[in-house]
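A quick write-up on the structure given underneath.
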Amino acid sequence: MIYLHKILPLFILPIMLFIIVILIGLIKNKKKLIYIAVGVLYIISTPIFSNNFFKLVEGNEYRKPISTIDSADAIVVLSGMLEINEIGDSTYVEWGNPDRFFGGIALFKAGKAQKLVFTGGKLPWDKAKKTEGEVLKEYAMSNGVPSEKILVTKDVGNTAEEAKAVKELISPSKKIILVTSAYHMYRAKKLFEREGFRVVSYKVDYKAGRNNKIVVMDFLPDAHCLEQTETGCREILGRIFYIIKN
């Protein structure tokens, strides 16, 4: 099932759709289709489109000061920030979005909860033996968090599995502070609430600029902006999938 969750969206995300439209245009000799596809690709690759689109996905609320976050029974940090490479007896970690980790550590050190939970993110095709949660536990301990205060879930492949796995460690009647990327929070919060948790959201890893001035570069296509647009589209598809499923 995890393969379907990861692969099926690829066929309705912008890049694949553009490839399909262009192929149809070439086969049917419909140049208009090709021009439209190229034009739309140009638009969604520009910073001005990507940034404003991603603001809608992330929501209007910006990052809250930790002092305003209510205390809870546990802090739950979702996976999705590391690439783990194991070579021989050595483990090498590449950080993608460390804000989730450091946000969880900051909440714990501020006394917002007595337990810190990491999810054991690991996809079936990952070669590393360690899960993301196991690696993050080691980093948390090196940052002064006592080992007995840290919990790690079993292996999980997506957000729905994370919510179910956390429920195996913590009673669903408990109140948790959920830490994840801003664009991912809406769906994550819904899935954890569906499992019975009372959720306090703590958004981190904001990708859309909030106070940027418009400059000429905002109208020029950029590969990073195209990737950001695709990420936003994938997240919206995820929300639609779980709405339909329920």
Side-chain angles (χ1 to χ4, degrees), residues 1-11 13-16 45 50 54 57-58 63 75-108 116-145 147 150-166 169 178-185 187-188 191-192 202-208 222-238:
M1 183 62 73
I2 188 66
Y3 285 93
L4 293 177
H5 285 174
K6 298 296 182 181
I7 294 173
L8 285 181
L10 296 177
F11 292 95
L13 287 173
I15 291 296
M16 184 60 73
S45 299
S50 176
F54 219 77
V57 179
E58 290 182 332
R63 189 163 179 169
I75 299 159
V76 178
V77 179
L78 300 189
S79 295
M81 66 192 98
L82 301 182
E83 180 178 337
I84 305 169
N85 299 295
E86 293 177 346
I87 303 175
D89 295 328
S90 300
T91 300
Y92 300 93
V93 176
E94 300 292 341
W95 289 83
N97 301 306
D99 286 4
R100 298 187 189 187
F101 172 76
F102 289 110
I105 294 294
L107 287 164
F108 181 85
L116 180 59
V117 183
F118 294 113
T119 58
K122 191 176 190 298
L123 294 171
W125 51 84
D126 288 341
K127 295 181 179 179
K129 295 177 182 178
K130 290 183 178 180
T131 67
E132 185 166 324
E134 291 169 333
V135 173
L136 291 175
K137 178 178 179 178
E138 294 174 1
Y139 278 107
M141 290 168 60
S142 69
N143 276 267
V145 181
S147 174
I150 305 171
L151 301 176
V152 179
T153 73
K154 65 182 183 182
D155 294 9
V156 291
N158 57 34
T159 312
E161 290 182 3
E162 287 180 302
K164 293 181 183 297
V166 171
L169 299 178
L178 187 62
V179 184
T180 191
S181 300
Y183 73 88
H184 182 237
M185 181 59 78
R187 177 162 56 102
L191 287 169
F192 273 81
Y202 185 64
K203 295 181 180 181
V204 295
D205 183 31
Y206 283 82
K207 299 183 183 298
D222 180 273
H224 169 72
C225 292
L226 177 58
E227 180 184 9
Q228 184 165 280
T229 298
E230 285 242 331
T231 299
C233 290
R234 181 184 286 274
E235 179 59 28
I236 290 173
L237 287 173

Please find the pair of heavy atoms, one from [X] and one from [Y], that lie closest to each other, and give the distance.
{"X": "Gly133", "Y": "Phe118", "value": "CA-CB, 3.8 Å"}
{"X": "Asn97", "Y": "Gly80", "value": "ND2-O, 4.3 Å"}
{"X": "Met81", "Y": "Pro98", "value": "SD-CA, 4.4 Å"}
{"X": "Lys154", "Y": "Ala165", "value": "CG-CB, 4.2 Å"}
{"X": "Ala163", "Y": "Leu191", "value": "CB-O, 3.9 Å"}
{"X": "Thr153", "Y": "Gly120", "value": "OG1-N, 2.8 Å"}

Report the residues that fulfil salt bridge (charged side-chain N to carboxylate O under 4.0 Å, His left out) with [X], sequence neighbours left out, ordered by chain and then residue number.
{"X": "Lys207", "result": "Asp205"}
{"X": "Glu235", "result": "Arg187, Arg239"}
{"X": "Glu132", "result": "none"}
{"X": "Glu83", "result": "none"}

Pairwise side-chain contact, [X] with [Y], heavy-atom cut-off 4.5 Å (strictly under):
{"X": "Tyr202", "Y": "Leu178", "answer": "no"}
{"X": "Val77", "Y": "Ile105", "answer": "no"}
{"X": "Leu13", "Y": "Leu237", "answer": "yes"}
{"X": "Thr231", "Y": "Phe54", "answer": "yes"}
{"X": "Glu227", "Y": "Ser50", "answer": "no"}
{"X": "Arg63", "Y": "Asp99", "answer": "yes"}

Could you grab the distance from atom [atom1] of [X] to atom [atom2] of [Y], nearest 0.5 Å is fine?
{"X": "Leu82", "Y": "Leu136", "atom1": "CG", "atom2": "CG", "result": "4.5 Å"}
{"X": "Ser142", "Y": "Lys137", "atom1": "OG", "atom2": "NZ", "result": "13.0 Å"}
{"X": "Asn143", "Y": "Glu138", "atom1": "CG", "atom2": "CD", "result": "12.5 Å"}
{"X": "Ile75", "Y": "Ile150", "atom1": "CD1", "atom2": "CD1", "result": "11.0 Å"}

Please verify the inter-ring angle class for Tyr139 with Trp95; under 30° counts as parallel, over 60° as perpendicular, anything in between as tilted.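 Aromatic pair Tyr139/Trp95 classed perpendicular.
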Tell me, please, which residues at least two apart from Phe192 pass ring-ring contact (aromatic ring centres under 6.0 Å, His included).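 Applying ring-ring contact (aromatic ring centres under 6.0 Å, His included) to Phe192 gives Phe197.
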Using modelled atom types only, decide if a donor and an acceptor are shared between the side chain of Ser181 and the backbone of His184 within a distance under 3.5 Å.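 Not a single qualifying donor-acceptor pair exists.
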Side chain to side chain donor-acceptor pair (under 3.5 Å) partners for Thr119, two or more places apart: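 Ser79, Glu162.
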